[in-house]
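Note on naming: letters A, B, ... go to the chains in the order of the sequence lines (proteins, then strands), and numbering restarts at 1 for each one. All of these numbers come straight from a predicted model, not from anything done at the bench.
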Amino acid sequence: MAREGFVTAITRQSDDFPAWYNDVVLKAELASYSPVRGCMVIRPYGYAIWESMRDELDRHIKATGHSNVYFPLFVPRSLLEKEAEHVEGFNPQVAWVTHAGGKELDEWLAIRPTSEAIIAETIKDWIQSYRDLPLLMNLWNNVVRWELRTRLFLRTSEFLWQEAHTFHATEQEAREEVDLGLEIYRKVSEEWLAIPVITGRKSEGEKFPGAVYTYSIEAMMRDRKALQAGTSHYLGTNFAQAAGITFLDRDNQRRHPHGTSWGFSTRMVGATIMAHGDDSGLVLPPKVAPVQVVVVPIFRSEADRSAVADAIERFELALRSTPEGREVRLEVDWREESPGFKYNHWELRGVPFRIEVGPRDVAAGQGTLVRRVDRSKEAVPLDRLAAELPLRLTGYQQELFQRALDFREANSHQVDDYESFKRVNEEQGGFLWAHWCGSAECEAQVNQETGATIRNIPFDSAAEAGRCIVDGRPSDRRVVFARAY
RNA sequence: CGGGGCGUAGCGCAGCCUGGUAGCGCACUUGAAUGGGGUUCAAGAGGUCCCGCGUUCGAAUCGCGGCGCCCCGACCA
């Protein structure tokens, strides 16, 4: 087949998507299994991808006035249990420290599944007046949620993330903060990871334990399944009440502050893999690619070798002569391996551009530029390439976004009755835009009978009179259903 | 927790039924040639055969017990 000669060490997406995903993660050396069940080791190449999105997110978080802080890994049992819905929601997933210092602890310590409880307890002394608000904090840390079935990056018992926690004097201001958190996630997903997302509100059944409401961004993977990529919660005064946080407002009234929290995790590395990857492995957007351009020298004789080396050196000098060019993450692969081996190696790792420089190229003063996403080849003069490379990377980034968007649109369907819902869901999958009356019963029935869940109630779902696909009751807008990770 | 499968070199496996020198492929090391889609040849290194007890002259192999992992069904960033 056409695949012959190209990367063959991984399962094809069409044969078995989960196996493909696993192969890519392991063989591209993003991560490996650890001695601890359900946990993972993030390897240098995978961690570099995480760092890229982490740093971008951190810039957004700081630019909007939040400060990074740190809170302990351990949460005393009594604190975790203060907010009723919160305990109930997290209880099955909490790992406990019961012994320390050689004896059983008087009070068990939870390994944080998230930090709302300990933060609320801690900051109650920090807030006395409306002048102390808003309090805008962010934590970069690890959390533990005991999982029954784990998958590298997508669901591990321990994962890395960012959790923002804020407190506000008014409900209005807190709601705006929830919007802000979600907007940051949308931007990072779409503009940095090139993953188009649907922003919307989670149904009651799917919201965060302890929240008044939860917003999410939802993305489509290349197997047409959905992935929740980030969530932002309005907590109301739930945690403030549970911890007894109050402040004196302008009108001399004592009030509970309104809280928010929002989180974005290493799961997004998995999203990036599954949103863009193909049968040859990773396809990385330039913004997150640890290596954006790889140069593969090709030579036989020593004379060829030095001519090729000279050409590459001149090209690098030209590239580094401009500010944009200096930013390009470029690697020249001089390893003692065959060119074909290197092509496969870097394609598996998703490097956007490859430049082949061999004797024929040197003679013509050019490099052969090969794009990862479509393997298109083009001979480009090396001096021109140096000037153009930054622009081409930008264009490539946009192409990947557009490609993902087109894919999502091609796999989104409007369905108006339950029979066609089941049929489309079964035969084609993807996102199903359908009317829903808003009841938890209908939501649960669809989930049980079709495996699909309501991903969210999109903000940009136009007002449209319709009838719930399950019980026919009136609905004023469509929601997005899909099978999800 | 219920059902199925598996533990032998870094990885993937054969050997076990029928007990007798622990093997194959990939990866790794060294050398030479090769080099425009995973290059070839040669030489080499690498093992508590998951653990324990038992049977036996002798156990990776047979018996008993234990441990661990993976897949499938109820929760989740």
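Using a 4.0 Å heavy-atom criterion, one finds that A:Gly263 contacts no nucleic acid atom at all.
Of the nucleotides present, B:C6 is the one that pairs with B:G68 by Watson-Crick or G-U wobble criteria, both distances under 3.5 Å. In this structure B:C62 sits in a base pair with B:G54, meeting the Watson-Crick or G-U test at under 3.5 Å.
A distance cut-off of 5.5 Å between ring centres, combined with a plane angle under 30°, leaves A:Phe341 outside any stacking arrangement with the base of B:G37.
OP1 or OP2 of B:G35 lies within a sub-4.0 Å distance of a side-chain N or O belonging to A:Arg300. Between A:Ser338 and the phosphate of B:U39, there is a side-chain N or O to OP1/OP2 separation shorter than 4.0 Å.
With sequence neighbours excluded, no residue forms a side chain to side chain contact (heavy atoms under 4.5 Å, CB included) with A:Glu88. Considering only residues two or more places apart in sequence or on other chains, A:Trp262 meets the ring-ring contact (aromatic ring centres under 6.0 Å, His included) condition with A:His66, A:Tyr185.
For B:G35, its base never sits under 3.5 Å from the side chain of A:Asp304 at any donor and acceptor pair. Contact of A:Glu337 with B:G35 (side chain to base): no donor-acceptor pair of N or O atoms is detected under 3.5 Å.
In this entry the distance linking CG of A:Asp361 with P of B:G36 reads 13 Å, nearest Å. B:C11 atom C1' lies 9 Å from atom NZ of A:Lys27, rounded to whole Å. Taking atom CD of residue A:Glu29 and atom P of nucleotide B:C11, one finds them 15 Å apart after rounding to whole Å.
Ring-plane geometry between A:Phe208 and A:His86 is classed as tilted, the angle between the planes lying from 30 to 60 degrees on a 0 to 90 degree scale. In this structure, A:Phe341 and A:His345 have parallel ring planes: the angle between them is below the 30° cut-off, well short of the 60° mark.
Checking B:G35, B:G36, B:G37 against every side-chain atom of A:Arg375, the shortest atom distance belongs to B:G37. Nearest to the side chain of A:Thr368, among B:G35, B:G38, B:G36, sits B:G36.
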Does the pair A:Asn142 and A:Arg112 meet the rule for a side chain to side chain donor-acceptor pair (under 3.5 Å), with working shown? CA-CA 8 Å; A:Asn142 57 339; A:Arg112 64 178 162 224; 2.8 Å; yes
With side chain to side chain donor-acceptor pair (under 3.5 Å) as the criterion, how do A:Asp361 and A:Gln366 come out once you've worked through the C-alpha distance, each side chain's angles and the decisive distance to 0.1 Å? CA-CA 5 Å; A:Asp361 296 303; A:Gln366 66 182 31; 3.1 Å; yes
Per-nt protein contacts along nucleotides 69-76 of chain B (heavy atom under 4.0 Å; B base, S backbone sugar-phosphate only, - none) come out as SS-S-BBB
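Neither side chain, A:Arg201 nor A:Asn456, offers a donor N or O lying under 3.5 Å from an acceptor on the other.
Taking atom C1' on both B:U18 and B:C62, the two are 11 Å apart, rounded to the nearest angstrom.
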